[in-house]
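When reading the values below, keep in mind they use all heavy atoms of this one structure, side chains included, and skip hydrogens, waters and symmetry mates. Residue numbers begin at 1 in each chain, while the letters A, B, ... track the order of the sequences.
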There are 2 protein chains.
Amino acid sequence: MIEEIAKEYMSLIPNVFENFRELNKDSTELTHMQNHVIEYLYMQNRPLKLKEISYGLHVAKQQLTNVIKELEAEGYLIKSPDQKDKRAVLVSLTPKGKEIQDRKWGKIYQKFSENINKLNTEEQLDLKYALHKVNILLNKMRE
Amino acid sequence: MIEEIAKEYMSLIPNVFENFRELNKDSTELTHMQNHVIEYLYMQNRPLKLKEISYGLHVAKQQLTNVIKELEAEGYLIKSPDQKDKRAVLVSLTPKGKEIQDRKWGKIYQKFSENINKLNTEEQLDLKYALHKVNILLNKMRE
DNA sequence: GTCATTAGTAAATAAAGATTTACTAAAAAT
DNA sequence: ATTTTTAGTAAATCTTTATTTACTAATGAC
C-alpha cells in the first residue's frame, strides 16, 4: 500500500518540476543565487535570519553575505536587526522583491489556466477536489 | 472555478519543491550542471539530442559540449550518432549514470514512506486515490 | 545545384558560485 | 566569570557557469 502511494507521489514530481524550470527561464536581471534567495524568502513568507536561508538553501553563509548585500543595494530586500538575538539579522523582501516573484507565479497560474480547458467540466471538478485532498494530506504529513 | 483549481495546484508546488531541493544537497561528485543534465536525461527516459537538452534546460549548446564531454569521460553517459540526422548526436545514460539518479529518487521514496505513517489508514487510502486522480488529469492537461 | 539554416564543436573571456581562513560580537554553557 | 558556540562579515582563491565569436558538416528550402 505505502509503496503504491509513494509511486504516485513520485510520478507527480516531474510534472510539477517541469513548470518550475520554466519559472526562472528568462530572469536576466538576477543571478541564480539571487533568485533562489528571493524565491525562498517568498515561499517562507516571513523574515528570515541569514542562517535560516543558508540552511534551507544549502549554501554557505559566507556566500550569502555578498548575495544579500547586492540584493539589498538593488532594493529587493531589507535587513533589520533581530531583537531576540542581537547577533542575528532578519532579511525580508521589499515590494520590489515580492513583485518579481508575483510575476513569475503569475506565469504559472496563467499557463495552468490555459491548459485546464483541455478537461471537461466534470474532470475539472474532480481535479479540484483531488488537488485539495492531496494538499491537505501532504501538509498533514509534513507536520 | 478555474481560479480555485489553479490555486490548489500552486499550493502543491512548494511542497513538492521542498523535497526536490534536498535531492541534490550532497552530490559532491558532480557539478550542478552535470547533475541537471543527468537528471533531465533520467526524467525524459530516452536518448536526447544535445539540442533537446539545451532547449529543455535553457542552457546554451556551447556550454553543453564540455559538460557532456566530461560526463562521457567519467562514464555517466554515452554519445551515439543519430541515424536520422547525421549532424546530430544522441546522448543517453549509462548504468552508472542511471544509478546516480536511482539513488537520489530512492531517498525521496524513503523519506515519503516514513512520513506516511502520520496518516491513518483511511487517509492513506484517500491520498492514494487523490494522487492517482491528480496524475491522470495533469497528464491529460499536458497532451 | 545553390544558399541559408541547423547541430554540434572549440576556444577565449567574463561573471558567478564555492571554499578556505580568519575575524568580531553576542549568546550559551560550564 | 571564563570558555565555547553561534551569527554574521570579509577577503583571497579556485571552480563552475555563462557569453561571445567562429568554425565544420549535414540538412532543408528554393
Side-chain angles (χ1 to χ4, degrees), chain A residues 21-41 44 46-74 76-93 100, chain B residues 21-41 44 46-74 76-93 100:
Chain A
R21 223 193 310 263
E22 296 298 311
L23 205 65
N24 295 313
K25 189 170 50 175
D26 35 34
S27 160
T28 50
E29 52 186 329
L30 295 177
T31 69
H32 288 172
M33 189 55 79
Q34 290 175 333
N35 244 313
H36 283 146
V37 170
I38 290 189
E39 197 167 273
Y40 193 62
L41 281 163
Q44 299 293 318
R46 64 186 174 89
L48 296 178
K49 295 181 195 174
L50 212 140
K51 194 226 168 172
E52 295 175 304
I53 302 175
S54 164
Y55 182 81
L57 252 39
H58 312 296
V59 164
K61 58 181 185 175
Q62 304 95 304
Q63 249 183 92
L64 288 179
T65 299
N66 273 309
V67 174
I68 284 175
K69 196 197 286 172
E70 267 291 307
L71 285 172
E72 193 189 18
E74 288 168 23
Y76 295 105
L77 48 80
I78 47 164
K79 296 200 283 188
S80 58
D82 184 348
Q83 298 305 332
K84 289 172 198 158
D85 183 341
K86 289 186 179 173
R87 297 167 303 177
V89 170
L90 288 173
V91 179
S92 43
L93 290 179
I100 242 180
Chain B
R21 223 192 311 259
E22 295 298 310
L23 207 64
N24 295 314
K25 188 171 49 173
D26 35 33
S27 161
T28 50
E29 52 187 331
L30 296 176
T31 68
H32 288 173
M33 190 54 80
Q34 290 175 332
N35 244 312
H36 283 147
V37 169
I38 289 188
E39 197 167 272
Y40 192 63
L41 281 163
Q44 299 295 317
R46 65 187 175 89
L48 295 178
K49 295 183 196 173
L50 212 138
K51 195 226 165 171
E52 294 175 304
I53 302 175
S54 165
Y55 182 81
L57 251 39
H58 312 296
V59 163
K61 57 181 184 174
Q62 304 97 302
Q63 246 182 94
L64 289 179
T65 299
N66 273 309
V67 174
I68 285 175
K69 195 198 286 171
E70 266 290 307
L71 284 172
E72 194 189 19
E74 288 169 24
Y76 295 104
L77 49 79
I78 47 166
K79 296 201 282 188
S80 58
D82 184 349
Q83 297 306 331
K84 290 172 197 156
D85 185 340
K86 289 186 179 174
R87 296 168 303 176
V89 169
L90 288 172
V91 179
S92 44
L93 290 179
I100 242 180

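Exactly one residue among B/E29, B/E70, B/Q34 makes a side chain to side chain contact (heavy atoms under 4.5 Å, CB included) with B/Y76. That residue is B/E29.
Remark: A/D82 does not engage A/K84 in a salt bridge, criterion side-chain N to carboxylate O under 4.0 Å. Using a 4.0 Å cut-off between charged nitrogen and carboxylate oxygen, B/R46 and B/E52 count as a salt-bridge pair.
Checking A/A88 against A/Q62, the closest nucleotide of DNA chain D that is more toward the 5' end is the one next to A/A88. Across the interface with DNA chain C, nearest-nucleotide mapping of B/L50 and A/K84 shows B/L50 to be the residue nearer the 5′ end.
OP1 or OP2 of D/dT24 has not a single side-chain nitrogen or oxygen of B/K86 nearer than 4.0 Å. Residue B/T31 places at least one side-chain N or O under 4.0 Å from the OP1 or OP2 atom of D/dT17. Contact between the side-chain N/O atoms of B/K51 and the OP1/OP2 oxygens of C/dA7 is found at a separation under 4.0 Å. OP1 or OP2 of C/dA18 sits under 4.0 Å from a side-chain N or O of B/H32. Remark: B/K69 is in phosphate contact with C/dA10, judged by side-chain N or O atoms under 4.0 Å from OP1 or OP2. For C/dA18, one of the phosphate oxygens OP1 or OP2 lies less than 4.0 angstrom from a side-chain nitrogen or oxygen of A/Q63.
In this structure, CD of A/Q83 is placed 14 Å from P of C/dA26, rounded to the nearest angstrom. For the pair A/L30 CG and D/dT17 P, the interatomic distance rounds to 20 Å; values are reported in whole Å. Atom CG in B/D82 sits roughly 13 Å away from atom P in C/dT9 (whole-Å rounding). The interatomic distance linking B/H36 (NE2) with D/dT17 (C1') rounds to 12 Å, in whole Å. A/N66 places its CG atom 14 Å from the C1' atom of C/dA15, with the value rounded to the nearest Å. Going from atom CG of A/N35 over to atom C1' of C/dG17 covers 14 Å, rounded to whole Å. Rounded to a whole Å, the NZ atom of A/K61 is 14 Å from the P atom of C/dA22. We find that CD of B/Q34 is positioned 14 Å from P of D/dT15, with the value rounded to whole Å.
Side chain A/R87 to base D/dT6: a donor-acceptor pair is found below 3.5 Å.
Closest to the B/T65 side chain, of the nucleotides D/dT27, D/dT9, C/dT9, is C/dT9. Checking D/dA7, D/dT9, C/dG8 against every side-chain atom of A/D85, the shortest atom distance belongs to D/dA7.
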- Message: Does B/I68 form a side chain to side chain contact (heavy atoms under 4.5 Å, CB included) with B/I53? I'd like the steps, not just the answer.
- Response: CA-CA 10 Å; B/I68 285 175; B/I53 302 175; 4.2 Å; yes
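No more than 12 heavy atoms of other residues, nucleotides or ligands shown are found within 6.0 angstrom of NZ on B/K51.
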